[in-house]
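Values below: all heavy atoms of this structure, side chains included; hydrogens, waters and symmetry mates excluded. Each chain gets a letter, A, B and so on, in the order its sequence line appears, and its residues count up from 1.
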Number of protein chains: 2
Amino acid sequence: MQGPRTVAEQVANVLREAIANGTIKAGTPLRQDELAEQFGFSRMPIRDALRQLEAEGIVSIHPTKGAQVARMDSAEISEIYALRELLESEALRLSVPSLAAAKLDEAEQVLDQIDAERNVGRWGALNKGFHLALYDACGNHRLLGLIEAHHNAADRYVRILLSNLDYRNRSQTEHRDLLAACRRRDGDKATSILRQHLREGSETLVSAIKEDGLSRKS
Amino acid sequence: MQGPRTVAEQVANVLREAIANGTIKAGTPLRQDELAEQFGFSRMPIRDALRQLEAEGIVSIHPTKGAQVARMDSAEISEIYALRELLESEALRLSVPSLAAAKLDEAEQVLDQIDAERNVGRWGALNKGFHLALYDACGNHRLLGLIEAHHNAADRYVRILLSNLDYRNRSQTEHRDLLAACRRRDGDKATSILRQHLREGSETLVSAIKEDGLSRKS
DNA sequence: TTGTGGATATAAGTATGCCTGTATACGCAC
DNA sequence: GTGCGTATACAGGCATACTTATATCCACAA
C-alpha cells in the first residue's frame, strides 16, 4: 500500500479531510489560485483535485463560476440516507454469511475506539470504518465503492450528528446490537437493525439541519 | 437546456459515445497528445475529459502509464448487473405509483424506436432511455444518477447483447410486459419482471464475454 | 430616479513547454 | 547464458502564460 503518487491526489486527500471534519465549511468558495498559493503548487494539480472531489460529490463546480464545498439541503441528506439504506443493507445481507471472525473482531475494536476517541474530527472516519468492516465479505467491489463514496459525501454532516452525546450513545448501542447479530450470523436481524439505525440517523440529521438553517443555498 | 459549456465536456461526450458504441474498443490506450491532435485542442481539456470518464468508470488511468478504455471481465459485468438490479428495482418501486401518463407514453415510443432502429450504435442509448423513463418519478436524483452511470459504464457490452436477434426480441417482449405492468400500477409485478429481465441479460452477457475471450486483461 | 448598456476586473478555461518518473532494451559482468 | 544495472526514450504531471467569459459597477439617457 503506497501513498498518493501525484500532487493532485495529495491535495484531494487534504481537502477531503478538511471538508469532512468541518475545517472548511459548506458553501466556502474554493478558488484555484488561492489554494495553489496555500499548497505551494500551481493551479493545475489543484484543478485535478477539485474535479476529483466533484466526482465524489463533495464539491460542486460551475464553469467560469468556480468550485465551492457542496451545500446539501435536507432533501439531499434524505436521498443519501435512502441510498445508504438500500446499498448497505444489501451489502450486509451478502456479507454476513461469509464474514471472517477477524473482521468481526476488527469491527468491535473500532467501536471501542469510537468510545475512547475524544477528537470530534475522527468520529466520521471511525464510523465509516465500522460499517465497511461488516460489509467486507459482500463480494462486490463496486458496491463497497459506492458505499464509501456516500459516507465521504455525508461525513461532515455525520460529524454534527455524533457531536450530540445522546445520539452517540444510542448509535453505539445499535452498533453493538448490529455486531452481535452478525456474530450470530443472523442476517435478517442485522439488516433490520441497520435499517432502523440509518432511519434514526436520517431523521435526527434532517431535523438538526432544518433548525440550524444549514440548508440555505447560496 | 444548454449544451456543454467547456471543451473538456464536449471531448468527454464524444469519447463516451465512441466507447459506448464500440468505435473505440476496450483496452485501447488513450494518449493525451494523440487525442489532443485529433480533436484540435491542447492536452489540458483532454486530461480533464479523461479524468471525468475515469470517475464514471469508463476509462482507467494509471499515473505515468496513461489512460485506456476500461476492460471488464465477467466478474465486473456481474457486479454491475447486480447493482443495476438493486438500484433499478428500487427506483421502479418508488416511481410506479406516481409515474405520469406522459412518461409511460414516452417509454412506449422508445420501444417502437428500438424496433425500428437499424443502427447498432443507437440501441444502447435507446435502451437506457426506456429504463430511465420508467424511473423518472422515483423522487431521488442521486439514485437516477447512479443508474445512468451504470448504464454508461456497461453500454458497450449491452450493445453486444442487443446484436443477438434472439435476445433482442426476448428483451423487447419483456420491455413491453414491464411497461404494461407499470400502466396497471402493479409495482410488485413490474419489479419482478425487471429483475428477471436483468438476470437474463447478465447471464447472456457473461457467457458471451467468456466465450469471446473479451475478458482477458492486458 | 431608475434602467440599460458598456467597460473593466476577476477567475476559470486553454495552450505550450519543461521536468520527472517509469519502462524497456542493451550491454557487461558473473 | 543469464541476470542485473544503466541509459535512453516516451508519456504524463506540473508550471507559466494567455484567452475568454461573466459579473459588477458606473455612467448616461430616458
Side-chain angles (χ1 to χ4, degrees), chain A residues 1-19 24-71 216-218, chain B residues 1-19 24-71 216-218:
Chain A
M1 188 85 80
Q2 57 184 0
R5 298 308 310 151
T6 70
V7 173
E9 282 179 75
Q10 296 175 42
V11 172
N13 288 341
V14 172
L15 285 178
R16 180 176 20 246
E17 177 64 24
I19 292 169
I24 306 178
K25 300 194 193 84
T28 304
L30 300 169
R31 293 194 215 301
Q32 293 179 358
D33 34 14
E34 193 176 308
L35 293 171
E37 193 171 6
Q38 287 178 18
F39 282 99
F41 296 101
S42 78
R43 283 167 49 212
M44 285 301 116
I46 274 77
R47 272 171 59 80
D48 286 347
L50 289 175
R51 293 197 177 277
Q52 171 71 24
L53 295 175
E54 185 198 23
E56 297 175 23
I58 296 173
V59 311
S60 56
I61 299 181
H62 196 81
T64 74
K65 290 181 67 174
Q68 62 173 24
V69 180
R71 289 173 181 276
R216 57 169 176 269
K217 304 232 173 186
S218 67
Chain B
M1 187 84 77
Q2 57 186 358
R5 298 309 307 151
T6 71
V7 172
E9 282 178 74
Q10 296 175 44
V11 171
N13 289 342
V14 172
L15 286 178
R16 185 182 9 254
E17 178 62 25
I19 291 170
I24 305 179
K25 300 194 193 86
T28 305
L30 301 168
R31 289 191 222 303
Q32 294 179 356
D33 34 14
E34 193 176 308
L35 293 171
E37 194 172 4
Q38 286 179 18
F39 281 99
F41 296 102
S42 76
R43 283 166 49 208
M44 283 301 118
I46 273 78
R47 272 170 59 81
D48 286 346
L50 289 176
R51 293 197 176 278
Q52 173 71 25
L53 295 175
E54 185 198 23
E56 297 175 22
I58 296 173
V59 312
S60 56
I61 298 181
H62 193 81
T64 77
K65 288 183 67 175
Q68 64 174 23
V69 180
R71 290 173 180 277
R216 57 169 176 268
K217 304 233 175 185
S218 67

Scan the side chains in residues 44-51 of chain B for donor-acceptor partners under 3.5 Å anywhere in the protein, sequence neighbours excluded, and list what turns up.
unit_1  : atom_1 : unit_2  : atom_2 : d
B:Arg47 : NH2    : A:Asp48 : OD2    : 2.5
B:Asp48 : OD2    : A:Arg47 : NH2    : 2.4

Practice problem: Report the residues that fulfil salt bridge (Lys or Arg N to Asp or Glu O under 4.0 Å) with A:Arg43, sequence neighbours left out, ordered by chain and then residue number. | Solution: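 By the salt bridge (Lys or Arg N to Asp or Glu O under 4.0 Å) rule, A:Arg43 matches no residue at all.
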
Quiz item: In chain order, what residues pass the salt bridge (Lys or Arg N to Asp or Glu O under 4.0 Å) check against A:Arg31, with sequence neighbours excluded?
Solution: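 So A:Arg31 forms no salt bridge (Lys or Arg N to Asp or Glu O under 4.0 Å) with any residue.
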
Quiz item: How does protein reach along nucleotides 13-19 of chain C, written 5' to 3' as B (base within reach of a heavy atom under 4.0 Å), S (only sugar-phosphate), or - (no contact)?
Solution: BBBBB--

Exercise. Give the first and the last nucleotide of DNA chain D, reading 5' to 3', that has any atom under 4.0 Å from a heavy atom of chain B.
Key: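 From 5' to 3', the first and last contacting nucleotides are D:dA11 to D:dA15.
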
Practice problem: Decide yes or no for A:Val14 and A:Phe39: does some side-chain heavy atom of the first lie under 4.5 Å from some side-chain heavy atom of the second? | Solution: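 Sidechains of A:Phe39 and A:Val14: in contact.
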
Exercise. Mind calculating the distance between NZ (A:Lys65) and P (C:dA12) to the nearest angstrom?
Key: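 Interatomic distance, NZ of A:Lys65 to P of C:dA12: 12 Å.
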
Quiz item: How long is the line joining CD of A:Glu34 and P of C:dA11, in whole Å?
Solution: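 So the CD-P distance, A:Glu34 to C:dA11, works out to 9 Å.
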
Kindly write out the residues that satisfy side-chain contact (heavy atoms from CB on, under 4.5 Å) with [X], not counting sequence neighbours, or none if the list is empty.
X	result
A:Glu17	A:Asn21
B:Glu37	none
B:Ala55	A:Ala55

Self-check item: Contacts of type side-chain hydrogen bond (donor to acceptor under 3.5 Å, both in side chains), residue A:Glu54, not counting sequence neighbours
Solution: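 By the side-chain hydrogen bond (donor to acceptor under 3.5 Å, both in side chains) rule, A:Glu54 matches no residue at all.
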
